[in-house]
Number of protein chains: 2
Amino acid sequence: MEIPSVVIDRLPLYARALATLDSNGREVVSSQELGNHLNVTPAQIRKDLSYFGRFGKQGRGYNVRKLLDELRRILGLNRQWRIAIVGAGRLGKAIAGYEGFTPQGFRIAEAFDSDPAMIGSTINSLVIKNTEHLETVLSENPVDIGIVAVPADSAQKVIDSLVRCGVRAILNYAPIAAHVPPGVQIKRIDPVLALQGMTYYLKSEAASPRR
Amino acid sequence: MEIPSVVIDRLPLYARALATLDSNGREVVSSQELGNHLNVTPAQIRKDLSYFGRFGKQGRGYNVRKLLDELRRILGLNRQWRIAIVGAGRLGKAIAGYEGFTPQGFRIAEAFDSDPAMIGSTINSLVIKNTEHLETVLSENPVDIGIVAVPADSAQKVIDSLVRCGVRAILNYAPIAAHVPPGVQIKRIDPVLALQGMTYYLKSEAASPRR
């Protein structure tokens with residue numbers, strides 16, 4: 001059965017909330033309470049989880065640890081993922097230095113840049129390699145995920161290179177609508193688009209959006 | 001009429017693609033071609049735009065400039081928006097230095113941090129002020145939008161302060177499910193959640209997600 005991508009995208013949120021509850025020693029949580037934490041309706045949570053089987057008993061809530069383990073297994077969060085970051089400028093450095101990746105199993109294993117002044121220097125104790133050698137390097141040391149933090153005009157070329165190296169998940173920080181072949185995941189991180197989606201409501205003094 | 005937020009979120013994409021076409025001298029574009037650029041179906045584009053009236057004539061395509069102007073007006077992109085950034089660490093600095101904001105009318109007008117070593121220094125020629133004084137500063141010089149780049153454990157407090165200052169749109173980089181009152185927009189930028197939404201497909205070797 002094919003599960004809608006919007007459902008998949010909510011599961012990491014549930015896992016994060018459950019991990020917090022678990023670390024606070026909570027054993028059971030209701031969909032009501034989980035929903036309050038996350039601004040999601042309890043019905044939505046129950047429906048999303050129903051795609052993956054039956055969790056929890058009617059009126060008894062979810063076993064926190066068990067549901068968390070199950071979500072981690074479903075999402076593939078119980079292993080390490082190797083990442084190559086392309087673009088080691090100000091943005092690339094901020095991403096590579098972000099402390100939230102490692103605890104979640106995301107390890108930045110390679111870093112590339114095309115600026116001769118940058119190549120050979122280190123970013124979080126990782127030597128920056130020449131983007132021209134990306135395909136050679138990654139064919140010897142494959143990665144699972146590519147993070148693209150290069151300027152807009154070279155982003156599609158970098159993405160094509162990553163795809164040729166067998167990378168099947170790309171997080172794109174460049175402000176372009178990139179193209180990837182079927183079977184390759186791509187998500188964009190784009191603060192300008194996010195801001196532009198909010199100014200609509202500021203401008204029109206409209207009510208909150210329907211979620 | 002209330003327009004679904006997913007529709008509003010796609011409009012900036014359309015505006016960006018139209019701006020590129022316009023700067024290339026294109027006068028007319030079909031929903032088919034626009035869709036190809038953006039990995040969106042032509043039917044989706046036509047349906048999204050139909051919320052806002054009639055654009056283009058059947059079989060004639062859209063007038064690029066006219067549709068672009070209209071989308072800018074709808075989204076409120078034809079004016080300047082003042083932004084306060086809270087958190088001037090590595091991430092805050094990368095955000096403040098991002099060159100993509102200004103051309104789109106987003107001006108970072110204030111920057112705050114709670115680190116005494118940071119307060120008084122500059123970030124893109126903006127003097128960093130003490131987060132403790134945020135409410136005083138913003139009550140005298142209001143901003144439209146807040147960008148939150150502080151650690152998770154202080155993010156909700158900062159968001160509450162911004163809301164008290166009348167900020168009605170917040171872009172949150174902290175990895176928490178923040179709460180805001182009705183009428184306040186919040187969007188999150190969270191690379192870990194984005195990666196976790198993709199590992200599902202890597203793990204299961206499943207086909208592309210339904211979009």
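Chain letters run A, B, ... following the sequence lines, proteins first and then strands; every chain starts at 1.
Proximity to chain B is limited to the side chain of I189(A), based on heavy atoms less than 4.5 angstrom apart. For a residue to count as touching a neighbouring chain, one of its non-hydrogen atoms must lie under 4.5 Å from one of that chain's; by this rule R73(A) touches chain B with the backbone only. In this structure, the portion of N36(A) lying under 4.5 Å from any heavy atom of chain B is its backbone and not its side chain. Only the side chain of I145(A) has a heavy atom closer than 4.5 Å to any heavy atom of chain B. Only the side chain of R188(A) comes within contact range of chain B, with at least one heavy atom under 4.5 Å from a heavy atom of that chain.
Residue T199(A) holds its OG1 atom at 11.5 Å from CZ of R168(B), rounded to the nearest 0.5 Å. To the nearest 0.5 Å, atoms CG (D9(A)) and OH (Y200(B)) are separated by 11.5 Å. Between atom CD of residue E99(B) and atom CZ of residue R90(A) there is a gap of 7.0 Å, rounded to the nearest 0.5 Å. A distance of 4.5 Å separates CG in L77(A) from CD in Q196(B), rounded to the nearest 0.5 Å. One finds the CE atom of M198(B) at 13.5 Å from the CD1 atom of I8(A) (value rounded to the nearest 0.5 Å). Note that CG of D190(A) is 8.0 Å distant from CG of L13(B), once rounded to the nearest 0.5 Å.
Other residues, nucleotides and ligands contribute at most 12 non-hydrogen atoms within 6.0 Å of the CD atom of E27(A). For R65(A), the CZ atom counts as loosely surrounded, since its 6.0 Å shell holds 12 or fewer non-hydrogen atoms of other residues, nucleotides or ligands.
A pairwise comparison of heavy atoms in A194(B) and L171(A) identifies CB-CD1, 3.6 Å as the closest pair. For Q104(B) against V192(A), the heavy-atom pair with the smallest separation is CG-CG1, 3.7 Å. Here the closest heavy-atom approach between residue L195(B) and residue F106(A) is recorded as CB-CZ, 3.6 Å. Nearest approach of A94(A) to A94(B), heavy atoms of both residues: CB-CB, 3.7 Å. Of all non-hydrogen atoms in I176(A) and R16(B), the two that sit nearest each other are N-NH1, 3.9 Å.
Within the 3.5 Å criterion, the main-chain N or O of A178(B) finds a donor-acceptor partner in the side chain of N39(A).
Of the listed residues (Y98(B), F101(B), W81(B)), the greatest number of heavy-atom pairs within a distance under 4.5 Å of chain A belongs to W81(B). Heavy-atom pairs under 4.5 Å with chain A peak, among G105(B), P191(B), A177(B), G100(B), at P191(B). Among A169(B), P12(B), G76(B), G197(B), the residue making the largest number of heavy-atom pairs under 4.5 Å with chain A is P12(B).
Contact of the R79(B) side chain with the L202(A) side chain is not registered, since no non-hydrogen atoms from C-beta on lie closer than 4.5 Å.
Residues from residues 150-167 of chain B never place a non-hydrogen atom less than 4.5 Å from a non-hydrogen atom of chain A.
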